[in-house]
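Each ligand, and each atom within it, is numbered from 1 in the order the structure gives.
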Amino acid sequence: VKNRGKNGYAFYDGALSVPLQHRADMERLLRHALENMEFELHYQPQISLGSPRIDGLEALIRWNSPVLGRVAPDQFIRIAEETQLIIPIGEWVLRTACQFIRSLHENGTDRPIISVNVSVVQLIGQRYVERVLDILRETGLEPRYLELEITESMVIESLDLIADKLSRLREHGVNIALDDFGRGFSSLSHLMRLPITTLKIDKSFIEQIPESAEDQPLTGLIIRLAQGIGLKVIAEGVETYSQLDYLKKYDCDCIQGYLFSKPLPATLARDWVRTASL
Ligand code: C2E
Ligand code: CA
Ligand code: CA
Ligand code: CA
């Protein structure tokens, strides 16, 4: 039996992610977290390789629970989705990220852009497009400085609805990134129906880059293919100089990974952006 959301779309096959009691506890703790502002955003720089500079920051949620300690997003996002709490949490993330990037722009620069992860539960929820546009107006951030990251796994179930909503946001100037590309099986014909502006190559692909670049043209071919249809390409999870060399050789647009920086709290991210734009 599939677990169907309010709108009748199936998100998950089979069992819930965790036993019911644990799930109920987590739901209670997540509600509490939202009311008591236990969440925080960290920001990871996305470095442009053409002219070295910070092109973007990806907002990544952190939860400091007084009960559980630090909880990684992989441990609570899915439960937040199953309980629909991802909708208010996602709105908090979007508002906080837009405010933060707006505050950086006020100090003289119009870079970087802000990338925000979006769950399918948010996307197919009521009035998603209007909510995003409201938050942009509220925070005074121009849509072209916002990028929404979606994953390919999420678009399979309700492609038409998602394509329609993303197209409306795209018409307003919002950028759309396809996250984790290469992690699952992608149908390129499906993906072409989405108004994607950026392709993020998954870490699992970057890890396969060997010491000698000649041995592995696949990641390079993906970069060329994506750029050939006008997409900006970001490599995720870049950890070594040999990966960097390879990505430079294949003219990858941007890299993101521990080699340059881990996700940083707002104050450190602000310092990073200021220093890097001197
Ligand atoms: P993601 O969107 O693919 O984010 C990239 C993850 O890789 C982040 O983990 C980041 O800290 C990590 N990472 C970055 N560079 C490197 C590297 O060089 N090496 C390695 N090993 N890891 C690296 P994080 O912050 O734990 O987030 C995990 C996932 O949780 C994210 O994967 C995203 O799917 C989800 N997530 C995070 N924040 C949000 C949010 O605000 N909303 C939603 N819906 N999902 C979020
Ligand atoms: Ca992401
Ligand atoms: Ca990713
Ligand atoms: Ca992901």
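Atom OD2 is the N/O/S atom of D179 found closest to the Ca ion (ligand 2). Of all N, O or S atoms in D180, the one lying closest to the Ca ion (ligand 3) is OD1. In terms of distance to the Ca ion (ligand 2), the nearest N, O or S atom of E149 is named OE1.
Of the N or O atoms in R62, one or more lie within a sub-3.5 Å distance of an N or O in ligand 1. Below 3.5 Å of separation, one finds an N or O of I61 facing an N or O of ligand 1. Ligand 1 has no N or O atom lying under 3.5 Å from any N or O atom of R183, backbone or side chain.
Here D180 has side-chain heavy atoms under 4.0 Å from ligand 1, and that is the only part of it that gets that close. The residue K262 has no part lying near ligand 1, judged by heavy-atom distances below 4.0 Å.
Formation of a donor-acceptor pair under 3.5 Å by the S48 side chain with backbone atoms of C254 is not found in this model.
Using a 4.5 Å cut-off on side-chain heavy atoms (C-beta onward), W272 and L57 make no contact.
Using a 4.0 Å cut-off to heavy atoms of E236, the atoms of ligand 1 that qualify are 3 (O). Near G257, the atoms of ligand 1 lying under 4.0 angstrom from a non-hydrogen atom of the residue are 15 (N), 18 (O).
For the residue pair E142 / H105, no side-chain donor-acceptor distance below 3.5 Å is found, with atom types taken as modelled. In this model, a donor atom of one side chain and an acceptor atom of the other lie less than 3.5 Å apart for K200 and Q256. Between the side chains of T139 and Q99, no donor-acceptor pair is found at a separation under 3.5 Å.
Within the coordination shell of the Ca ion (ligand 2), defined by N, O or S atoms under 3.0 Å, S115 is absent. The Ca ion (ligand 2) has no N, O or S atom of E236 inside 3.0 Å of it. Under 3.0 Å from the Ca ion (ligand 2) lies an N/O/S atom of E58, whether from backbone or side chain.
Close to ligand 1: P263, with a non-hydrogen atom less than 4.0 angstrom away.
With respect to the salt-bridge test (charged N to carboxylate O, under 4.0 angstrom), the residues D160 and R193 qualify. Under 4.0 Å is where a charged nitrogen must lie from a carboxylate oxygen, and between E138 and R131 no such pair does.
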